[in-house]
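Below is one structure, written out as structure tokens; comments come after it.
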Protein chains: 2
Amino acid sequence: MPSPSKKSQAGLDSTDRAILAALIEDGRMTNSALAARVGLAESTCAYRVRALRESGVVADISARIDLAAVGRPIQAVVQVQLASHSRTHIDALFDRLAGIPGALSVVHVAGDNDFHVHVAVASPERLRDLILEHITSHPAVTKTETQLIFEARRGSGVLGPL
Amino acid sequence: MPSPSKKSQAGLDSTDRAILAALIEDGRMTNSALAARVGLAESTCAYRVRALRESGVVADISARIDLAAVGRPIQAVVQVQLASHSRTHIDALFDRLAGIPGALSVVHVAGDNDFHVHVAVASPERLRDLILEHITSHPAVTKTETQLIFEARRGSGVLGPL
DNA sequence: AATGAAAAGACCATAGG
DNA sequence: CCTATGGTCTTTTCATT
């Protein structure tokens, strides 16, 4: 009866964490490889993975693509300041920013600038156009601050020690 | 012979873009499902996907996990200013920041603050500890500015119109 | 929860159009 | 780029523990 599964937090035992780590490393790993790696039978492993996906612990499994290869070699962070912080304005702007073509992520932060928008564009001109057309054109936006990204890297992630 | 493949940029035709879009949506889609979706024979589709991965256009396929579910419900952006902008210092700090446990991404930007570090932590105390231990402790760091993240969303991405 | 085993399905390499 | 064929590996299902 092999199951030393330690629960270190809300419903996730060490086997689940091993599965998560593996799927972060390679989201296309086959179930059999995964089962071998975490030491489960294939059927059990498949069951666990399904449970993790259905419960939303695995939010999605998705390809990351080379931005230069799809014609968007320039990246920037555009910080956006709002005049009004009413819920309605925040929500509306959030939607609008997330919908910008080329927006990779939009973050709503506590601070002087309310949103950080990470964008990828084809050229500096396109960056200007994007900001003018989709951001500063909004009546509630008081200010933007744009920083060119020299290099972006992934961090070591979240499955090391707490 | 059915092949309307329009090249809109460097080596990528519209079929490739359809494949990329599908794999961004669901990186674990089977080759047969993908082939059906983009209207290719399975053999051809598999060939395309392999080419896209080998050429690095598909950088990786990876699971995104719910940060709260793994015990890190607090996110923040920590902006970091450096005293010296020598190549050596930049590189060293970049490595160090990317290695912080809980670091999701590290971005080197042109601006007053040189780095933006996106982190996920278990609690505000852990955030403080992380900053003190891994960031301000570095001799070249002159200043940090930290913003709590209220909400982070994915943008619409890069495969819409240029 | 976890397992093994069998049926169903997906994949790969190959050859030919 | 498509079809078609094997042979192999993978996933799923289910009765059992």
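In the text below, chain A, chain B and the rest are named by the order of the sequence lines, each starting its count at 1.
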| By salt bridge (Lys or Arg N to Asp or Glu O under 4.0 Å), which residues pair with B:Arg37, not counting sequence neighbours? | B:Glu25
| message | Between B:Arg50 and A:Ala41, which residue's closest nucleotide on DNA chain C lies nearer the 5′ terminus? | response |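 Between the two, 5'-proximity favours A:Ala41.
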| task | Could you verify whether a donor N or O on one side chain and an acceptor N or O on the other, from B:Ser123 and B:Arg72, lie under 3.5 Å apart? | result | no
| message | Please identify which of these residues, A:His85, A:Gln79, A:His89, A:Gln81, meets the side-chain hydrogen bond (donor to acceptor under 3.5 Å, both in side chains) condition with A:Asp114. | response |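 Among A:His85, A:Gln79, A:His89, A:Gln81, the one that satisfies the side-chain hydrogen bond (donor to acceptor under 3.5 Å, both in side chains) with A:Asp114 is A:His85.
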| task | Residues of residues 31-38 of chain A with any non-hydrogen atom less than 4.0 angstrom from an atom of DNA chain D: list those, numerically ordered, please. | result |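 Here the set is A:Asn31, A:Ser32.
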| task | Report yes if a side-chain nitrogen or oxygen of A:Thr44 is closer than 4.0 Å to either non-bridging phosphate oxygen (OP1 or OP2) of C:dT3; otherwise report no. | result | yes
| said: Under 4.0 Å from OP1 or OP2 of C:dA2: is there any side-chain N or O of A:Arg48 that close? | reply: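 For C:dA2, OP1 or OP2 has a side-chain N or O of A:Arg48 closer than 4.0 Å.
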| query | Taking it one step at a time, do B:Arg96 and B:His134 satisfy side-chain hydrogen bond (donor to acceptor under 3.5 Å, both in side chains)? | reply | CA-CA 8 Å; B:Arg96 179 193 182 109; B:His134 293 98; over 6 Å; no
Integer-rounded Å distance: [N] [atom2] and [X] [atom1]:
| X | N | atom1 | atom2 | result |
| --- | --- | --- | --- | --- |
| B:Glu42 | C:dG9 | CD | C1' | 11 Å |
| B:Arg28 | C:dA10 | CZ | P | 14 Å |
| B:Tyr47 | D:dC2 | OH | P | 13 Å |
| A:Glu54 | D:dT12 | CD | P | 11 Å |

Using the 3.5 Å cut-off, write out each protein N or O paired with an N or O of nucleotides 15-17 of chain C and the distance between them.
none

Beyond-backbone contact of [X] with [Y], side-chain heavy atoms, under 4.5 angstrom:
| X | Y | value |
| --- | --- | --- |
| A:Val58 | A:Ile61 | yes |
| A:Leu40 | A:Arg48 | yes |
| B:Val49 | B:Ile19 | yes |

| said: Could you check whether any side-chain N or O of B:Asn113 sits under 3.5 Å from a backbone N or O of B:Phe115, counting only pairs where one atom can act as donor and the other as acceptor? | reply: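 Judged by distance alone, no pair lies under 3.5 Å.
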